[in-house]
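Quick notes on the structure that follows.
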Amino acid sequence: MLEELNQEQKEAVTTTEGPLLVLAGAGTGKTKVLTTRLAYIINQGKARPYECLAVTFTNKASNEMKERLASMIGHQNANDLWMGTFHSICLRILRANCERIGYQKDFIILNEDDSEKIVKEILGDSDKYSPKNILNAISRWKDQALNHLKVNTSGSEFLVDARNIYTLYQKRLKEMNALDFGDLILNCIELFNLDKDILEKYQRKFKYIMVDEYQDTNTAQYLWLKLLAYGHNNIACVGDDDQSIYAWRGAEIGNILRFEKDFKNAKVIRLESNYRSTKNILDCASKLISHNEQRLGKDLRVAPLMNGDGEKVMVRGLFNDLAEAAFISDAIRLAINDGVNPNKFAILVRASFLTRLFEEAFLVRNIKYKITGGLRFYERKEVMDLMAYLRLLVHKNDDLAFLRIINVPKRAIGNATVDSIKEYARFKGLSLYDGAKEMVKEDLLKKAASKSVLSFINLFESWDNELDNMEHFELLKKIVDEIDYPNKMKLDKDKTSNINELIKSLADFKTIENLLEHVSLNFGDEADKTDDKVSIMTLHGAKGLEFDYVFLPGWEDGIFPSSRTVDEKADEGIEEERRLAYVGITRGRKNVVISFANSRRVYDQWYHSNPSRFLSELPQENIRVWLDRGVSMRMRENEKQY
DNA sequence: ACCAAGGTCTTTTTT
DNA sequence: AGACCTTGGT
Ligand SMILES: Nc1ncnc2c1ncn2[C@@H]1O[C@H](COP(=O)(O)OP(=O)(O)OP(=O)(O)O)[C@@H](O)[C@H]1O
């Protein structure tokens, strides 16, 4: 097990006691070290699997690590580990203990859409603020582990208002027995602070704690870890400050910078041998990231006896975005014809709308691809609608689900009726569903509306009766039929097939609640990595992955670095964009191609675009430049920008 | 309560 | 361009 590792890696694996930080650049085997370390602890008998807590950044990463561990420590052991994202682990702890902080065990988890609707409702007619901005403020507070009582508003009118809305928002959530995403961590911390017995139980339980991608943890996650690590003080974090790319979501690069101060007697191990990429790729990445000021600074070199110089990184300038997509997809087509597996290629873009052109180019050339990022399956309107039926079916107090579907498809229940139901339910302290039911019984609605509402309720009561006798996916099929969804909503073929997909996927879950939870935690649609497809994804989505051939299109000022970041966050923003570029380049094993286009269509309008400033930060001796006629790598002044 | 017409935003990244 | 929302007429 240890023989595959170098000296420093071995040291990191066998240093099991006390706080440990593995600080190392891309491709140095941080994840591999973490995985091996976990196996080492189990195989040495230092702890039982359920005494180990391992936090990964995504659910996908967690599944992959579990899979690799299964071959090292056995399937059963791998499954018994407490492994998952911060959110899924906190959820597990809260399900078991949430009554202590005033929630019922079957609390629901709201998605962003739901949260926004609640904020909108609180804001009412006022359009002083956008719900998005308010919700963003609330989420960032939660990332900092600040509940609505702790928020410091320091005089700004916006912050004061946002704080007041935060208070109302939490009240509303509690009424619905609901938590949002950020609450999972915040409430877990509050549970620990409130009940020392519960905290101590988990402190004793988790003999070893391990965290991947530590550079992208937020304050709340740090505090949570600190509470748990207080027991055995065995906490190992791995990360790379140069790969911190989630500050916009509340991640605190300070966590990794402060590690030695936060955890007394911490040992820091640096890994400097890169086992992934060629020298040309590494030199490009290192030079680029050296333009950042805020960094710890690390060396990165090709591991001995590995890879070698390889080919130079190509910088390709093209006339427009279509030519760029054609160039890349032609290159991939040719390589596939030569027998290269499509899954060796990745196209990594700054923003998900940039995947569009590649999708089209691939379809024309008959190249198999998979797109990750952008609108996810469970975020599609038609899927969310039907999920709302399932939500209301299992939780009659899910008011948001009720509001979503009470008149979808149209059943002649308009705003006036819904408002009167809201008012009545609020007055009586009932859920909207129960309120509506009672209003029908007491004959409090207009005649036509009453009839429609009754038939809505009757549908649910009939489905309730089937809940125990019928396979869930068949019940969903029945629901779709009875409300005549595809027909009434005039769904096209794609959307109808999404519905069927949803019905099929429900068959994989024991209960409807399982499906709902799976969706809330953003477990993807488990695309198997075994399939032979080109990956098209955002740079953020590519974190932790590696590919033989990596294409990085759209290196244009305004797109990458994104104009929004530049406007809003100036230097700090640019540095994070540069880290994103570093992440992109270091995904490549053999070959990296960076490209930019002179003009690009955005919102159906043509814009001239300047080459990204990052291009001029690459070392001349490691790149090979190929520009179309009339395309220059220098910036043009005074052109129309995005 | 519904619908058609017109207006507006959209695309930064996601647990 | 297209999705989404508001508006005013029915
Ligand atoms: N000692 C080693 N010998 C051979 N290959 C290694 C060794 N250590 C790591 N590797 C390989 O190097 C690659 C990168 O490893 P890994 O993904 O663990 O790095 P990482 O530091 O987590 O990277 P990143 O920060 O970019 O996500 C993997 O393919 C891994 O198998």
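In the text below, chain A, chain B and the rest are named by the order of the sequence lines, each starting its count at 1. Excluded from the calculations below are hydrogen atoms, water molecules and symmetry mates; all remaining heavy atoms, backbone and side chain alike, are included.
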Taking the nucleotide of DNA chain B with the closest heavy atom to each, which residue, Leu521(A) or Val418(A), is nearer the 5' end?
Val418(A)
Starting at atom CZ of Arg380(A), determine the distance to atom P of dC4(C), rounded to an integer number of angstrom.
12 Å
Tyr603(A) side chain: which of dT14(B), dT13(B), dT10(B) is closest?
dT10(B)
Any stacking of Phe181(A) on dT15(B), going by centres under 5.5 angstrom and planes within less than 30 degrees?
no
Whole angstrom value for the distance that separates P of dT14(B) from CG of Asn218(A)
17 Å
To the nearest Å, how far apart are Arg140(A) CZ and dT15(B) P?
14 Å
Side chain of Asn458(A), backbone of Ser455(A): donor and acceptor closer than 3.5 Å?
no
May I ask you to verify if any side-chain N or O of Thr417(A) is less than 4.0 angstrom from the OP1 or OP2 atom of dA1(B)?
yes
Just checking Ile413(A): base, sugar-phosphate only, or nothing, at a heavy-atom cut-off of under 4.0 Å?
sugar-phosphate
So, is Thr538(A) near the phosphate of dT14(B), with a side-chain N or O under 4.0 Å from OP1 or OP2?
yes
Which residue lies more 5' along DNA chain B, comparing His87(A) with Thr565(A) via nearest heavy atoms:
Thr565(A)
Donor-acceptor check, side chain of Asn514(A) to backbone of Phe509(A), threshold 3.5 angstrom: yes or no?
no
Ala416(A) near the nucleic acid: base, sugar-phosphate alone, or nothing, with a heavy-atom cut-off under 4.0 Å?
sugar-phosphate
Rounded to the nearest Å, what distance is computed from the NZ atom of residue Lys543(A) to the C1' atom of nucleotide dT15(B)?
11 Å
Which listed nucleotide (dC2(B), dT14(B), dT15(B)) is nearest to the side chain of Tyr246(A)?
dT14(B)
Does Phe57(A) reach a base, just sugar-phosphate, or nothing at all? Heavy atoms under 4.0 Å.
sugar-phosphate
Taking dA1(B), dT15(B), dC4(C) as options, the one with an atom nearest any side-chain atom of Lys381(A) is dC4(C)
Please assess Arg579(A) against Asp242(A) for the test salt bridge (Lys or Arg N to Asp or Glu O under 4.0 Å), listing each intermediate value before the final yes or no.
CA-CA 6 Å; Arg579(A) 291 194 288 269; Asp242(A) 291 330; over 6 Å; no
Between dT14(B) (C1') and Leu135(A) (CG): distance, integer Å
14 Å
Using atom CG of Asp216(A) as one end and atom C1' of dT14(B) as the other, report the distance to the nearest whole Å.
11 Å
Of all the nucleotides listed (dC3(B), dA1(B), dT13(B)), which has the minimum atom distance to the side chain of Ala351(A)?
dT13(B)
Closest to side chain of Asn407(A), choosing from dT15(B), dT13(B), dC2(B)
dC2(B)
Look at the side chain of Arg376(A) and decide which nucleotide, out of dC4(C), dT14(B), dC2(B), has an atom nearest to it.
dT14(B)
Considering only NZ, NE, NH1 and NH2 on the basic side and carboxylate oxygens on the acidic side, decide whether Asp212(A) and Lys30(A) come within less than 4.0 Å.
no
Tell me whether the guanidinium CZ or amine NZ of Arg95(A) lies under 6.0 angstrom from the six-membered ring centre of Phe107(A) and within 45° of its axis.
yes
At under 4.0 Å, does any side-chain N or O of Ser352(A) touch on OP1 or OP2 of dT13(B)?
yes
Could you tell me the separation between the CG atom of Asn111(A) and the P atom of dT14(B), rounded to a whole number of Å?
16 Å
Under 4.0 Å between a side-chain nitrogen and a carboxylate oxygen: does that hold for Asp216(A) and Arg249(A)?
no
Atom-to-atom span, CG of Leu354(A) to P of dT13(B) - whole angstrom
9 Å
